[in-house]
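A short worksheet on the structure shown next.
Letters go in sequence order (proteins before strands), and every chain restarts at 1.
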4 protein chains.
Amino acid sequence: MTPPNAARRSERAHRAILEAAYALAVDRGAAKVTIEAIAARAGVGKQTIYRWWPSKGALLLDVLIDAVGAVSEMPDTGDVTADLKAQMTAVTRLFQSDFARFYTGLIAEAQGDEAVARGLAEQLLDRADGPRRARLAKAQRDGELRADVDVAAAAEALYAPIYYRLLLRTAPLGVDQVHALLDVVLDGLRPRE
Amino acid sequence: MTPPNAARRSERAHRAILEAAYALAVDRGAAKVTIEAIAARAGVGKQTIYRWWPSKGALLLDVLIDAVGAVSEMPDTGDVTADLKAQMTAVTRLFQSDFARFYTGLIAEAQGDEAVARGLAEQLLDRADGPRRARLAKAQRDGELRADVDVAAAAEALYAPIYYRLLLRTAPLGVDQVHALLDVVLDGLRPRE
Amino acid sequence: MTPPNAARRSERAHRAILEAAYALAVDRGAAKVTIEAIAARAGVGKQTIYRWWPSKGALLLDVLIDAVGAVSEMPDTGDVTADLKAQMTAVTRLFQSDFARFYTGLIAEAQGDEAVARGLAEQLLDRADGPRRARLAKAQRDGELRADVDVAAAAEALYAPIYYRLLLRTAPLGVDQVHALLDVVLDGLRPRE
Amino acid sequence: MTPPNAARRSERAHRAILEAAYALAVDRGAAKVTIEAIAARAGVGKQTIYRWWPSKGALLLDVLIDAVGAVSEMPDTGDVTADLKAQMTAVTRLFQSDFARFYTGLIAEAQGDEAVARGLAEQLLDRADGPRRARLAKAQRDGELRADVDVAAAAEALYAPIYYRLLLRTAPLGVDQVHALLDVVLDGLRPRE
DNA sequence: ATTTAATCGAGACGGTACGTCATGTCTTATG
DNA sequence: CATAAGACATGACGTACCGTCTCGATTAAAT
């Protein structure tokens, strides 16, 4: 009935829930995490979870955003190929870790929960995409790339294949993929002759 | 104990199950389909489902493979850009239909069920990928693309972004994406004069 | 830690609680009244209730005692049969009203809460029983009843059946029961000529 | 949706539930028995209980009826006073045992659950009342009681006080009460010489 | 043609988790 | 400093499905 009053929120419970959810999602995959297990591990009542998050997905999304963050940083050494290689490799490494179970599980959750899908897109993916486009745009200004290149499409062509393998598992993730993508996509975008 | 004897299988029940699963998956999304609902709609005992499929995912995968198929065909008019545009557009159209709910739901299922992931990759995605690579390889032989291009990576760079938007919803699916991808990826792969 | 200081008690809150509890108990039965509902209706914090009453039963008991009282009065016209008929009829009427839901609910509460049971017996039932016995004893002195009659047992034999029907609902409450009881019990207690 | 099919009922589960419910109700009182505890003790899923009984009260009523039964038997030695004394004493003894917790708890339950109230009245109390009235009627025919006595009212006047003390605890149950009641009620019903 | 054994529809079973409700205690800010 | 408001841990509620397990009642193959 009444919306919860954030000022009175117990910081202790809040943190315990995020930590419990993180631990459980990493070690058994987001799909197999239950609200009851989170509550039990956090030493918290289920209601305390339901009071602050509308669904398991929303909670896990918060946890994920908390936990990722750093990977969206984009280096800028002046060499766009090197910078993208570094960043794409970092993403690949993250997706090779146990953490991947968490991420893929949450994406699965998003397929049936529009709110999670929106949160994921806006708070995580778009946020990560910005710096990538910006780096590409700078490379254009620097003359590393042709001026007419659609920077957003280029970013998608480079990163989507990594997510594709993460989710669809047609081939293992690895640095070779990163190299191949840079060769195929980025190389074609350089100024001709 | 005894493995099921395919010869005695009831064709009526088999078809009813596939149809019920299809209908339910399309209209409420694969995640919200339950075995009980399929059994009830098909007028079949639950055991009859469990006798022939190990899991909901395996059943839905069968249904999906049944239902897709056609989209993996690849035209060959001699103009690789036109051919890819046609095929990528067909894929996009499929992903814009109600059918998408089914597909994304099954991919979600695959995140927690290794057997489904494998089936999806091998029986659907790899099968669809073959003709794409083949078409690109032919274009190489025809001199439409440079000889040193990694054809598999190119196929991934072109198609993965469509799946990316299907699953991650950072932007709506549409033909503009297809055009942008062809411009960014394929154009860069042409022979340098 | 500190015992509540009755002097500082808010009279406003006190009254609001009793009124809210009464209204709720009458209209949905004592069993379905919750402390939260009482607090909400009274515009009072839950703690304020818990501070002054140990349990829902204790609160309802207070409310009930407040509300009854009057029915324990016993007329004395000199005709013991007429007096008992009047009083038993009044009790029956009370038990036929909406108020019965409250009373039966509290008796139910007492079955699992010794303190309520004790309070009910001592503060309500015994208090009501006193005048009844006294009236019967006077009738003895007046020669309306035999001298050897056990007045307490007689009071029980007359009133318990009314409670029996109230609680066990083997037959509807009504004035016929009162008449039948007076015929069967009281009539047998007159002096034998 | 579909009503359960009694023919397929598991006798094992049925018995285990009744036994578990009995044990729990006797040792902690009907009010403190939970469906979850019954299910756990019986080694049964909760749904199996809900499939066959609409409420905790309905289940406990079944258990109680199972367990009582015998006490409704009425001896007939030709001496109505002796017979009633024996039977009333048996009832009193039952109500003095641990079993009372069960009985009073169920009566409490009935105050908030009309179905239980009806079941209790019809399947237990009325059934027990029949033989009592019959015995009194026979005594009338034998000339032990006056012909004009309302036998139903007499039965109520004798037994209701026992229930009254059981439920309202104004005084302890005991054989003295039985004697007093027989003196006060039955004695008055004898033929006047 | 009869037997016989597996499949079928149905659905009860022991479970797990759900999301909700009320309990009684604890915390914070308000008057 | 008692209050109202309400967050908290706890625990039971009744429901939905899970995957397994009987039940007769069809089948369809091997006698």
Side-chain angles (χ1 to χ4, degrees), chain A residues 1-10 12-14 16 32-37 39-40 42-52 54-56, chain B residues 1-10 12-14 16 32-37 39-40 42-52 54-56, chain C residues 2 4-5 7-10 12-13 16 32-37 39-40 42-52 54-56, chain D residues 1-10 12-14 16 32-37 39-40 42-52 54-56:
Chain A
M1 231 36 6
T2 24
N5 177 344
R8 320 183 68 131
R9 183 167 197 172
S10 153
R12 195 223 118 242
H14 187 183
K32 277 155 199 141
V33 173
T34 67
I35 295 273
E36 302 215 320
V44 136
K46 281 198 285 175
Q47 201 62 250
T48 300
I49 298 180
Y50 285 112
R51 190 160 17 243
W52 302 107
S55 69
K56 186 177 74 179
Chain B
M1 277 302 98
T2 26
N5 175 347
R8 312 189 70 125
R9 182 169 198 173
S10 153
R12 197 222 118 243
H14 186 185
K32 277 154 198 144
V33 173
T34 66
I35 295 273
E36 302 215 320
V44 136
K46 282 198 284 175
Q47 198 59 249
T48 302
I49 298 179
Y50 284 112
R51 199 175 352 257
W52 303 107
S55 70
K56 186 177 75 178
Chain C
T2 24
N5 177 344
R8 312 193 69 129
R9 182 169 196 173
S10 152
R12 196 221 119 244
K32 277 154 197 144
V33 173
T34 66
I35 295 272
E36 303 214 318
V44 137
K46 283 198 286 174
Q47 199 57 248
T48 303
I49 298 180
Y50 285 111
R51 199 172 354 256
W52 303 106
S55 69
K56 187 176 72 179
Chain D
M1 223 57 345
T2 25
N5 177 344
R8 318 185 68 128
R9 183 167 196 173
S10 152
R12 198 221 117 244
H14 187 183
K32 277 156 198 140
V33 173
T34 66
I35 295 271
E36 302 215 319
V44 136
K46 280 198 284 175
Q47 201 62 251
T48 300
I49 297 180
Y50 285 112
R51 188 159 20 240
W52 302 107
S55 69
K56 188 178 71 179

Whole angstroms only, please: what is the [atom1]-[atom2] distance between [X] and [N]?
X: A:R9; N: F:dC8; atom1: CZ; atom2: P; value: 7 Å
X: B:I49; N: F:dC17; atom1: CD1; atom2: C1'; value: 13 Å
X: D:Q47; N: E:dC13; atom1: CD; atom2: P; value: 10 Å
X: B:K32; N: F:dC17; atom1: NZ; atom2: P; value: 12 Å
X: B:I35; N: F:dC21; atom1: CD1; atom2: C1'; value: 16 Å
X: D:K56; N: F:dG14; atom1: NZ; atom2: P; value: 9 Å
X: D:Y50; N: F:dA12; atom1: OH; atom2: P; value: 12 Å

Given the structure, check if the side chain of A:R8 and the base of E:dT28 hold any donor-acceptor pair shorter than 3.5 Å. yes
Heavy-atom donor-acceptor pair, D:K46 side-chain to F:dG14 base, under 3.5 Å: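 Such a pair is found, so the answer is yes.
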Assert: residue with more 5' nearest nucleotide on DNA chain E, out of D:T48 and A:T34, is D:T48
How do A:A37 and B:A40 order along DNA chain E: which one's closest nucleotide is nearer the 5' end?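 With A:A37 and B:A40 compared, the 5'-side residue is B:A40.
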With a cut-off of less than 4.0 Å, is there a side-chain N or O of A:R12 near OP1 or OP2 of F:dA7? no
Counting just side-chain N and O atoms, does A:W52 come under 4.0 Å of either OP1 or OP2 of F:dC8?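 Answer is yes, contact under 4.0 Å.
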So which atom in [X] and which in [Y] form the shortest heavy-atom distance, rounded to 0.1 Å?
X: C:I49; Y: C:V44; value: CG1-CG1, 4.1 Å
X: D:W52; Y: D:N5; value: CH2-O, 3.6 Å
X: B:G45; Y: B:A39; value: C-CB, 4.3 Å

Could you pick out which residue, D:S55 or A:R51, lies toward the 5' side of DNA chain F when each is mapped onto its nearest nucleotide?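 Mapping each residue to its closest nucleotide by heavy atoms, the 5'-most match is A:R51.
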Per nearest nucleotide of DNA chain F, the residue lying toward the 5' end, C:G45 or B:E36, is C:G45
Taking the side chain from D:K56 and the backbone from D:V33, do they hold a donor-acceptor pair closer than 3.5 Å? yes
Between E:dC13, E:dG19, E:dA12, spot the one nearest the side chain of D:S10, thanks.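 From the listed options, E:dC13 comes nearest.
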What residue among B:H14, B:R12, B:R8 forms side-chain contact (heavy atoms from CB on, under 4.5 Å) with B:S10? B:R12
